[in-house]
Amino acid sequence: MNIILLGPPGSGKGTQGEILARRTGILRVSTGDVLRDAVARGTDLGRRARSYMDQGLLVPDEVIIGLLADVLASAAAARGVIMDGFPRTVKQAEAVDELLEQRGRKVDVVLLLVVPDDELERRILGRAAQAGRTDDNLDALRRRLAAYREQTEPLVDFYRRRGNLVEIPAVGSIPEIAERVRAGVGR
Ligand code: ADP
């Protein structure tokens, strides 16, 4: 089963993605985690991605699409993937479709985590104080929200038109939201 988690920064994609992965045994892939790991290890990918990430801008599509191709081709992804943090642009969404189609698969369900803006700011700034992510400051956060609105939000209509978008109200306790996610996926 191929599941996309869609939602703004701070909407809880990572937390809910991990719970869903544990429950279903489906591989979760977070492009944010893959990129942060690449930055930490100083790989070529990391060097290309770092300045965009620190500024709160999206990493260019061609870089991400190369990464997607590797992920979706891996043996671990054969039973499907929980996509956390991608696709983030229409171009990436088209690439995901194409890469899955080559394997006779498709996007089965898109879960949109819905959280009001003021709650998002509160969550991300709280996380900045704790985890020390280099992109969790107010300027980068505002740019990440703007990038989401401009480049990622169009995907909501893209998938809604296709009829596989499920909206999940993502305010409440983590287990409550996880239960809505479970119901949305139907397993
Ligand atoms: P958040 O959802 O909290 O913004 P992520 O960990 O998903 O955090 O992403 C962190 C950063 O990594 C993004 O701001 C962006 O620079 C980069 N990134 C992650 N996924 C993608 C993607 N699919 N396309 C472009 N850039 C991405």
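Start at 1 and go down the list; that is how both ligands and their atoms are numbered.
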Novice: Any chance you could pull the hydrophobic cluster mates of Ile174, using side-chain heavy atoms under 4.5 angstrom and chaining through other members?
Specialist: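 Ile19, listed by chain and number.
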Novice: Using distance alone, decide if ligand 1 has a nitrogen or oxygen within less than 3.5 Å of any nitrogen or oxygen in Leu57.
Specialist: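 Yes, at least one N or O pair falls under 3.5 Å.
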Novice: Report, in ascending order of atom number, the atoms of ligand 1 lying under 4.0 Å from any heavy atom of Gly85.
Specialist: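 Those qualifying, in numeric order: 20 (N), 21 (C), 22 (C), 23 (N).
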Novice: Look up atom OG in Ser30 and atom CG in Asp37, then write down how far apart they are to the nearest 0.5 Å.
Specialist: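 Result: 10.5 Å between the selected atoms.
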Novice: Report yes if Val59 has an N/O atom closer than 3.5 Å to an N/O atom of ligand 1; otherwise report no.
Specialist: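 Val59 vs ligand 1: N/O contact under 3.5 Å present.
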Novice: Salt bridge (charged side-chain N to carboxylate O under 4.0 Å, His left out) with Arg161: which residues, sequence neighbours excluded?
Specialist: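 Listed in chain order: nothing, the list is empty.
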Novice: Are any of the N/O atoms in Arg144 less than 3.5 Å from those in ligand 1?
Specialist: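 Among all N and O atoms of Arg144, at least one is under 3.5 Å from an N or O of ligand 1.
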Novice: Please step through side-chain contact (heavy atoms from CB on, under 4.5 Å) for the pair Leu27 and Arg79, ending with a clear verdict.
Specialist: CA-CA 8 Å; Leu27 176 75; Arg79 290 184 45 234; over 6 Å; no
Novice: Please work out, at 4.0 Å between heavy atoms, whether the side chain, the backbone, both, or neither of Met53 comes within that distance of ligand 1.
Specialist: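 The part of Met53 near ligand 1 is both the backbone and the side chain.
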Novice: Could you measure the distance from the CZ atom of Phe158 to the CD atom of Glu94? Nearest 0.5 Å is fine.
Specialist: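 Reported value, rounded in 0.5 Å steps: 5.5 Å.
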Novice: Check whether any heavy atom of Gln55 sits under 4.0 Å from an atom of ligand 1.
Specialist: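 It does not, in that no heavy atom of Gln55 comes within the 4.0 Å cut-off of ligand 1.
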Novice: One residue to check: Ile64. Relative to ligand 1, which of side chain, backbone, both or neither has a non-hydrogen atom less than 4.0 Å away?
Specialist: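 The answer is the side chain of Ile64.
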Novice: Could you work out, for atom 9 (O) of ligand 1, the closest of Arg88, Arg143, Lys13 by heavy-atom distance?
Specialist: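 Selected option, by shortest heavy-atom distance: Arg88.
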Novice: To which of Thr31, Leu141, Leu35 does the heavy atom nearest atom 18 (N) of ligand 1 belong?
Specialist: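 The nearest heavy atom belongs to Leu35.
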Novice: When rounded to the nearest 0.5 angstrom, what distance separates OH in Tyr148 from CG in Asp117?
Specialist: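 Reported to 0.5 Å precision, the distance equals 10.0 Å.
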